[in-house]
Amino acid sequence: MDLPKQYDPAAAYDRWSEAWAEAGTFDAVPDATGAKPPHAVMMPLPNVTGVLHLGHALNNTIQDVLTRWRRMQGYAALWQPGTDHAGIATQAVVERRMLEEEGLTRHDVGREALVNRIWAWKETSEARIVEQLKLLGASCDFRRQRFTLDEVCSKAVRETFFRLFKDGLIYRGKRLVNWDTYLQTAVADDEVYEEDVNGHFWTFEYPVVDADGTETGERLALSTTRPETMLGDTAVCVHPDDDRYKHLVGKTVRVPINGRVVPVIADGELADMEKGTGCVKVTPAHDPNDYACWERQRGTETEIDILNVMHPDGTMNAAGDVEEFIDLDRYKARDLLVEKVSELGLFKGVEDRVIPLKHSDRSKTPVEPYLSDQWFVRMGPAGTSPDGEKGDDFDLAGSAIDAVAEGRTEFFPPRYQQTYESWLGEKRDWCISRQLWWGHRIPVWRRRWTDDAVVTEEQIKTDTATFRTAGEEKQDTYEARFVEHPEGEGCSIFVCLRDDDAELLKALEADGFEQDPDVLDTWFSSALWPLETLGWPDLDRDPPKKNLKSGDEPPSPVTGTNADFDFYYPTAVLSTSRDIITLWVARMVVMGLYHADEVPFKHVYIHPKILDGFGQTMSKSKGNGVDPLDMVDRYGVDAVRFTMAGIAGDTQDVRLPVGYECPHCGEIIPQTLEHQKARPMGGEKPTIACPACGKESQFSSPWYTPDEGVPVARMVSERFEAGRNFGNKLFNAARFAIRNLEGYEPGPVDVTSLPLEDRWIVSRLAEVTASVTDSFEGYRFDDACRTLRDFVWNDFCDWYLELTKPRFRDDDACPEAQRVLVGVLDAIVRLLHPVMPFLTEELWHALAAVAPERGLPSPTAADETCAFAPWPAFPADWVAADDCARMERLQELIVAVRNVRATYKIAPSAPLNLSIACEESVAADITASAGTFEFLVKATLADVGPDVTRPPGSAGFTLPGVEGFVPLGDVIDVAAEKQRQEKEAKQLRGHIAGTEKRLANEKFVASAPPEVVQGAKDKLAELRQQLVSVEEILSDLG
RNA sequence: GGGCGAAUAGCUCAGUUGGUUAGAGCGCCACGUUUACACCGUGGAUGUCGGGGGUUCGAGUCCCUCUUCGCCCACCA
């Protein structure tokens, strides 16, 4: 097998991805014998909204490195892939495209048709994501691929909802949402943006009234930016310490517009004495702060009312109690209200004010805080939810805090534990309903009985089709909840179904029940990810697995156990981004503990974020995303992975500046913010101008696809060149090695009796192997990559390969040299396999062709694939500090000779002589390396030993314990040599002065550790001796 | 407002428990096609470790403070 001069990553990818898939190399199989311990990684499920970007590439590289590394260590490794339906984000994408391309809204097409369209989108998007994962070399078990809306996941969601509902941990409550009055939907916090608008700040007066409603003559002034909410005022609030108003607390005032009499309350959190008049109107249903105030007052003596005065379309409803306002748009109502209150003489003025107003990202219209009924999961202990459900004692948030505090789940780096704990510590109830069509429909059917005021729970149970059908035998399939309304307004019944039982559904329909139109928060299903992917709640059979060839996913036979769940849960590690520690990580822990009484993962690794060249996080809206496949295409998958892993340590986020390569002249044009923003205007695609050649071209952009057949400036990033160059370096080192392995015979190697360079490289290998293993264990991928790069490039290629070259031409030395060479290379290939799987698999097979049996200290038959090759580990006593020191001295000598050559511009081919003054013991070493000097620096060792003196007309160098001389005869430039030596002397004197100063300090000698003091003394002696040598040379030179 | 993090060479980043006069890659300069590799080799230049104070025999590293930047949470009648 003759390797080409350059590594071809695309060819390697095709060859090995296919071979691995064919062999089922990444199929995760639980090992019942106990020989292979479990190692499971659950992929943070990408959204099916679009394509993966570099952040995904980073995280997926990390997970793949972990998985492949553990697989080599002999674990039964599972990397679970899948995608998330991502409720609002996906629905928004599809709706937007529908609107842009066809001018249709979701109301035009209806619920079913919209959902079908989203499914179609999901299929394409998911396929693209899986394709990207594969092109990144992800060693997932794709037979197990799950989607959060598929049948298996839906079952887990239904089961979870049912159990929580039954345990009283799910309740119906009120919540202020961001309401888009144009699209008539709630909008998530991250889908609203703030924009300053020019508004007004009106001041009104509310008359104080006494118990029987007569005005006392006193008036309270207060200001607002939204006068129309006055219709919904249910209180007026002042600060408890405000002397101006203290006497009014507990009294009542009349709301000017509708005459409603409301209390004056004191709430220091709502009212601010410094702002406005210090007095504030309270409209709990239409303002977040007022709502919070309402919550605080609830259940106290000063409990206040809450009144929704608006229709979903933004017009006023009848609750405001003023006929003229009904059905009037909120902004018209605002003007009318000001007018009416003016007529009453209670309008006190208006000023202009710039108001930061929240807008819906989707309709670009202002959102209204809007009170709505929602489903909640109670996070704290019993009795903490607003309507005091009975519930059991389970404290969801508390259990998750405890688990981490006890160390059952550990964060890397540990500081992120705080984010997790402080968020969960608030124990804020989780609003799980969303007013969307794309997602898990809430499995609750409801009916309100208003027609029959006397109806009781008992009567309904006996009289309705629903409960007759349910009977005794369906106790476990549903849970009903009765809510009695006050004052003879009947009751509501909520029925939660565990499964869609056809009979019960029919009976519910007959009784006039309707299913809740809302869907569940996306995080509700992703919180179950580690459970549902392993087949939970079915614990009597394994989860189904897809036949990748046919695409079928037959149900697993019932065996009485779920081997996958038993074996892989809890999983080993979750690798994710810090911004979803709360949304996702915490909730998975909550659900894992609730359902399985065990944390879902033992470790959480939080990876760095990739920023663009301007320090911004990459995101779709900024347009600064980079498609990893552009990089894979250009630099190769191994290079991209090596660079990604090299970024991942435990602290820094990392900038990754990109540029565009001019298709005309090849010049790199750095990316600017303008490039990120450039979008097609009026169909015209933006172009980029090359400063070097002045030509224009279209360029890679997330906003558009460049035209066919025009020159395109493609995105490039020099960061990946480092990875590519390194891969090519290793590839060529292997090519060289294979060329020199002709006639290779396997055989054992006695490490202790090897030549110096072998003992050195083997020592370094043992050291590096231990270090890389340690780095992976601590999730310090950057350390591992740096260590491996330095070892391979600097030690193995620059020195070891060079040093051993002559031995391959020597029949006696060759066999042993071959064994060591192939043994070291074999270990390097294994060590790099988790990071650069395709390159190393390529080399693995190339090595197998010439050396099927290899390894240190005794050769063994190599595995079929590097993916299952055992992870290297070497005896600790292979690390030989003494040999390394001797090797380093040799290296320094060689560098010094090269330096002389460079200084005097002596051609590499011109032979030199070399004299070295040193102790006998060192001289023996140097004499033994005479061949090396000949070979590496074309220098003949003329003389070596304690008595050597500087030959006339020679350049010199001094090292600790060694003086070297290179006679140059006529070539010597005395002035230049003096200058060189002066510089050296100056440096030495600086060092000496510094060290002397330290040692002269009595406190240093007294308080520093003895080894540090001794180290300084030794160093000083060495430096002085070197200086003496340099000074001798100088005086010699005159 | 609360919390977390960052600031080291032109750029991107390392720098273990404090211990020589601080490192790497890229870029830059000079030389070089020596039979693995020009995606290369050899040699070289490049720093007030953001500012100020403190602790210590000794600070890039620990403490305080200021400045700038990033992220999360809360808030903005």
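Source: prediction; values computed, not measured.
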Within this structure, what is the [atom1]-to-[atom2] distance between [X] and [N], rounded to whole angstrom?
{"X": "A:Tyr206", "N": "B:A77", "atom1": "OH", "atom2": "C1'", "result": "11 Å"}
{"X": "A:Glu718", "N": "B:C13", "atom1": "CD", "atom2": "P", "result": "12 Å"}
{"X": "A:Gln417", "N": "B:G5", "atom1": "CD", "atom2": "P", "result": "14 Å"}
{"X": "A:Ile610", "N": "B:A6", "atom1": "CD1", "atom2": "P", "result": "19 Å"}
{"X": "A:Ile647", "N": "B:C13", "atom1": "CD1", "atom2": "C1'", "result": "10 Å"}
{"X": "A:Arg655", "N": "B:A7", "atom1": "CZ", "atom2": "P", "result": "12 Å"}
{"X": "A:Arg415", "N": "B:C4", "atom1": "CZ", "atom2": "P", "result": "11 Å"}
{"X": "A:Asp790", "N": "B:C13", "atom1": "CG", "atom2": "P", "result": "18 Å"}

Give each protein N/O atom lying under 3.5 Å from an N/O atom of nucleotides 56-63 of chain B, with the pair distance.
from, atom 1, to, atom 2, distance (Å)
B:C57, O2', A:Asn1001, ND2, 2.6

Supply the atom-to-atom distance [X] [atom1] to [Y] [atom2], rounded to the nearest 0.5 angstrom.
{"X": "A:Glu718", "Y": "A:Tyr635", "atom1": "CD", "atom2": "OH", "answer": "8.5 Å"}
{"X": "A:Thr225", "Y": "A:Glu351", "atom1": "OG1", "atom2": "CD", "answer": "11.5 Å"}
{"X": "A:Phe731", "Y": "A:Gln6", "atom1": "CZ", "atom2": "CD", "answer": "9.0 Å"}

Open item on the list: Counting primed atoms plus P, OP1 and OP2 as sugar-phosphate and everything else as base, spell out the protein contacts along nucleotides 70-75 of chain B at 4.0 Å heavy-atom distance: B, S or - for each nucleotide, 5' to 3'.
Closed with: -S--SS
TODO: Between protein and nucleotides 31-43 of chain B, map the contacts as a letter string: B base, S sugar-phosphate only, - none, heavy atoms under 4.0 Å, written 5' to 3'.
DONE: -----BBSBSSSS
Open item on the list: Determine whether A:Asp290 and A:Val282 satisfy the following criterion, side chain to side chain contact (heavy atoms under 4.5 Å, CB included), listing intermediate values before the conclusion.
Closed with: CA-CA 5 Å; A:Asp290 297 0; A:Val282 186; 3.9 Å; yes
Open item on the list: Can you classify the ring geometry of A:Tyr605 versus A:His607 as parallel (below 30°), tilted (30 to 60°) or perpendicular (above 60°)?
Closed with: tilted
Open item on the list: My understanding is that only residues two or more places apart in sequence, or in another chain, count here; which of them pass side chain to side chain donor-acceptor pair (under 3.5 Å) with A:Glu667?
Closed with: none
Open item on the list: Are the side chains of A:Gln818 and A:Leu821 in contact, using a 4.5 Å heavy-atom criterion?
Closed with: no
Task: Residue pair A:Phe411 / A:Val404, side-chain heavy-atom distance below 4.5 Å - done: yes
TODO: Have a look at A:Arg786 and say if it touches a base, only the backbone sugar-phosphate, or nothing, with a 4.0 Å heavy-atom cut-off.
DONE: sugar-phosphate
Open item on the list: Using a heavy-atom cut-off of 4.0 Å across all strands, would you classify A:Gln418 as base, sugar-phosphate, or nothing?
Closed with: sugar-phosphate
Task: Pair A:Arg786 + A:Asp783: basic N to acidic O under 4.0 Å - done: yes
Open item on the list: What I want to check is whether the side chains of A:Asn725 and A:Glu721 have a donor and an acceptor closer together than 3.5 Å.
Closed with: no
Open item on the list: Pick the closest RNA chain B nucleotide for A:Gly994 and for A:Cys237 by heavy atoms, then say which residue is nearer the 5' end.
Closed with: A:Gly994
Open item on the list: If a pair means Watson-Crick or G-U wobble with both distances below 3.5 Å, what does RNA chain B look like in dot-bracket form, with | marking bases paired to a different strand?
Closed with: (((((((..((((.....[...)))).(((((.......))))).....(((((..]....))))))))))))....
Task: Whole-Å P distance, B:A22 and B:U48 - done: 12 Å
- [ ] Please tell me which of the listed nucleotides, B:C4, B:A77, B:U20, lies nearest to the side chain of A:Lys1019?
- [x] B:U20
Without placing hydrogens or testing angles, list every side-chain donor-acceptor pair under 3.5 Å for residues 1001-1008 of chain A, not counting sequence neighbours.
from, atom 1, to, atom 2, distance (Å)
A:Asn1001, OD1, A:Lys1003, N, 2.9
A:Asn1001, OD1, A:Phe1004, N, 3.4
A:Ser1007, OG, A:Lys1003, O, 2.3

- [ ] Establish, with yes or no, whether the OP1 or OP2 oxygen of B:A45 is under 4.0 angstrom from a side-chain nitrogen or oxygen of A:Lys983.
- [x] yes
